[in-house]
Amino acid sequence: MELRRILCCTAVMMMICFLQISEARHSVHRRQSDDYDVLADGTSDDEAQNDGEGNEADEEPPEVPAVILTQPIHYNVTIGGTARLECKVSPASEAVVQWTKKGMMYFIGTMKTQDRVATSYTQDPRICIPANSTDLVITNVTLADRDVYKCEVLQTDPVMIEHTLDILEPPKIVKFTASDDGQVVAGSNLLLTCEAGGSPPPQIIWSRDTGNGNERLQEKDGEFSINSLFIKQVKPNDAGKYYCYAFNKLGNKQSELTVVVKSKPRVHIQKQLINSAINVEAILECSVHDAAPAHIRWYKDGVLIEDSSSQFTISTRGHHSNLTVIPTKDRDFGTFTCEADNDLGKHNKSMELVQSPVVEGLDVDGPKLSWTVHSHQPLQQIELQLRQLSGDGTEWKAIEVPVPDIRTHEYEIIYSLSDQDLVPGKYEATVKVKNDKSWSRHTEPAFVEIEAQAQPQYIQHASVYRGNNAPSIRPTIISAMSTTFMYLLVRML
């Protein structure tokens, strides 16, 4: 019994030992398995990495470079307008675009960049990148915006284009000047300068108001450069208004200035002979042209007329002067002289106040002659004198022209030579008139041509004898009568 108990205890102890050994072996085996798994995992990673390097099917696709679709463009924008410089990029999702001008960066993407020169950020609010775009927009453009702009895609192999921006501006005339402020002395040189602006640069043409209209100046009038006109040794007739015209495709602009040519005065009078009578007012007119301001004086038969004289009234305004005369006796008529002088010299012209008739304006219209007679005294005689120009041309023929019945101080005379028995040809004609004081001077000659009058054509009958120059029917009649007479005589016998 005791032995059985001992054997049972021994068996139990052996089983416990066996279980402990088994458990220990199992733990070692599990640890080995875990280590194996770790090593196996590492090996798998390395293999996977090797597979990734060597298997093209498992690689990611390479990056596609961006391209610029827009071609270089030359933009023309009117000043004050908006310029949109296009730069389309494909693909656009990943592209970074940079805008620069003369090496100065404006934008990278949609962000303004730092100015490399001024070390400040571009703050011009007129320049921007629109949303969802890579274009550059400049609003309210100015002349300073004219330049070359570069759009560049930043990548391993950069691509870029350049746009040219020109600003268009209507022409304007900045300054129009003349040498000596346009007050030049005759014989000196004149330089006109017209400074004009605009884009494209405007062309300039010159013109001058000649008194007969605005005429464009040609090469014969002076030497032209880009914006100036040079006139050598100006003459009094170079004075007047000058115009500078600047124009481009956006419009035109003009400016003007007046050039005064200072010279020795030149006096002009309207009439050399003026008819008047006792107690009849006469106005003598005088003007000074193409000169610097001049002093004007009047003389009577070489004696200076004082402004205080009660017999004469002088009225001078600028370059014009009138002398009013009311003769009270014969000696108040005579020669009156208008004289003008300035720093450069003097000039004068004379006119005569007379009581004799004054004839002017002799004109020819076919065989008709016309003229005007001024006379405050009654007319007594009008004489037309003709001289044929062919032959010796020394003999004058006087023709009395009827005196008008009316009484006035101005007469319009018309006379026709059709009724005069004149040999056809060309004649020189002049007129003189007499009033109760004296004869007038002869007029300046005029020339009239007298044409031959057509002669009547008479119809001549065939029986009219024409001598040896034409056939005649008289011999034929005589011959026929002779033949008839001889026949009757034979019959009678």
Side-chain angles (χ1 to χ4, degrees), residues 180 182-188 211 234-240 258-361 372-377 409-410 432-433 435-444:
D180 299 319
Q183 304 284 328
V184 294
V185 177
S188 62
V234 294
K235 301 176 290 296
N237 57 6
D238 289 323
T258 300
V259 172
V260 175
V261 179
K262 297 184 291 185
S263 64
K264 172 183 174 180
R266 292 192 299 167
V267 175
H268 296 259
I269 59 176
Q270 290 188 344
K271 296 180 179 181
Q272 290 184 333
L273 287 174
I274 299 159
N275 173 265
S276 187
I278 300 296
N279 296 324
V280 175
E281 179 182 276
I283 299 178
L284 286 63
E285 299 180 47
C286 156
S287 60
V288 181
H289 292 187
D290 306 320
H295 184 68
I296 300 176
R297 301 180 182 88
W298 285 91
Y299 296 84
K300 163 70 168 67
D301 296 328
V303 178
L304 178 66
I305 298 175
E306 301 291 343
D307 294 339
S308 59
S309 174
S310 59
Q311 188 177 1
F312 306 104
T313 303
I314 299 174
S315 175
T316 301
R317 291 184 178 179
H319 292 281
H320 301 273
S321 184
N322 293 340
L323 173 65
T324 302
V325 182
I326 302 178
T328 58
K329 43 190 168 299
D330 288 346
R331 67 181 183 183
D332 292 335
F333 297 87
T335 301
F336 291 82
T337 302
C338 174
E339 181 183 78
D341 71 276
N342 61 16
D343 295 338
L344 301 174
K346 62 176 61 177
H347 186 237
N348 65 69
K349 283 206 173 170
S350 298
M351 58 199 85
E352 291 188 38
L353 183 64
V354 298
Q355 298 184 78
S356 59
V358 176
V359 186
E360 60 187 16
T372 302
V373 179
H374 299 274
S375 178
H376 284 84
Q377 295 81 9
H409 65 277
E410 184 174 309
K432 66 177 183 176
V433 179
N435 62 13
D436 58 3
K437 286 292 182 180
S438 64
W439 281 97
S440 69
R441 299 179 184 180
H442 283 88
T443 63
E444 292 293 327

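In what follows, every heavy atom counts, from backbone to side chain, and hydrogens, waters and symmetry copies are set aside.
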Thr324 vs Glu281, test: side-chain contact (heavy atoms from CB on, under 4.5 Å). Steps then yes/no.
CA-CA 7 Å; Thr324 302; Glu281 179 182 276; 3.6 Å; yes
For Arg441 and Glu352: C-alpha separation, side-chain torsions, deciding distance, then whether side-chain contact (heavy atoms from CB on, under 4.5 Å) applies.
CA-CA 12 Å; Arg441 299 179 184 180; Glu352 291 188 38; 2.8 Å; yes
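- In this structure, Lys262 and Gln183 have side chains that are in contact, with non-hydrogen atoms separated by less than 4.5 Å.
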Start with the C-alpha distance between Asn348 and Tyr299, add both sets of side-chain angles, then the distance that settles side-chain contact (heavy atoms from CB on, under 4.5 Å), and finish with yes or no.
CA-CA 10 Å; Asn348 65 69; Tyr299 296 84; over 6 Å; no
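- Atom NZ of Lys329 is separated from atom CD of Gln311 by 5.5 Å, given to the nearest 0.5 angstrom.
- For Gln270, the CD atom is loosely surrounded, since the number of other residues' heavy atoms within 6.0 Å does not exceed 12.
- Taking CZ of Arg317 as the start and CG of Asn322 as the end, the distance is 9.5 Å to the nearest 0.5 Å.
- A side-chain donor-acceptor contact under 3.5 Å links Ser440 to the backbone of Val433.
- When all heavy atoms of Lys264 and Leu344 are compared, the closest pair comes out as N-CB, 3.9 Å.
- Rounding to the nearest 0.5 angstrom, the gap separating the CD atom in Glu444 from the CD atom in Glu360 is 12.0 Å.
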When you look at Val325 and Leu284, which way does the side-chain contact (heavy atoms from CB on, under 4.5 Å) test go after all the steps?
CA-CA 8 Å; Val325 182; Leu284 286 63; 4.3 Å; yes
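- The two atoms that bring Ser375 and Gln377 nearest to each other are OG-O, 2.7 Å, heavy atoms only.
- Judged purely by distance below 3.5 Å, without hydrogens or angles, the side chains of Asp330 and Gln355 pair a donor atom with an acceptor atom.
- Nearest heavy atom pair, residue Leu304 against residue Arg297, reads CD1-CB, 3.9 Å.
- Of all non-hydrogen atoms in Pro265 and Asn342, the two that sit nearest each other are CD-OD1, 3.4 Å.
- Evaluation of the side chain to side chain donor-acceptor pair (under 3.5 Å) rule for Ser315 yields no partner, not counting sequence neighbours.
- Once rounded to the nearest 0.5 Å, the distance linking CD1 of Ile283 with CD1 of Ile326 reads 9.5 Å.
- Every residue two or more places apart in sequence or in another chain was checked for a ring pair (Phe, Tyr, Trp, His ring centres under 6.0 Å) with His374, and none qualifies.
- For Asp436, the CG atom sits in a packed shell: over 12 heavy atoms of surrounding residues, nucleotides or ligands are nearer than 6.0 Å.
- Scanning both residues, Ala282 and Ile274, for their nearest heavy atoms gives CB-CG2, 4.5 Å.
- Nearest approach of Leu353 to Ser276, heavy atoms of both residues: CD1-CB, 3.7 Å.
- Partners of Phe333 according to the ring pair (Phe, Tyr, Trp, His ring centres under 6.0 Å) rule, which considers only residues two or more places apart in sequence or in another chain, do not exist here.
- Listed for the His347 side chain is a donor-acceptor partner under 3.5 Å among the backbone atoms of Val267.
- With Leu323 as the fixed residue, the side-chain contact (heavy atoms from CB on, under 4.5 Å) test singles out one of Thr316, Ile296, Thr337, Ile314: Ile314.
- For Glu410, the CD atom sits in a packed shell: over 12 heavy atoms of surrounding residues, nucleotides or ligands are nearer than 6.0 Å.
- Put simply, the side chain of Asp301 gets close to the backbone of Thr335: a donor and an acceptor are under 3.5 Å apart.
- Every residue two or more places apart in sequence or in another chain that forms a side chain to side chain donor-acceptor pair (under 3.5 Å) with His442 is listed here: Gln385.
- Annotation: ring pair (Phe, Tyr, Trp, His ring centres under 6.0 Å) contacts of His320 (sequence neighbours excluded): none.
- Atom NZ in Lys349 sits 6.5 Å away from atom NE2 in His268 (nearest 0.5 Å).
- Not a single side chain to side chain donor-acceptor pair (under 3.5 Å) links Asn279 to another residue, sequence neighbours left out.
- The closest donor-acceptor contact from the side chain of Asn275 to the backbone of Ser356 lies under 3.5 Å.
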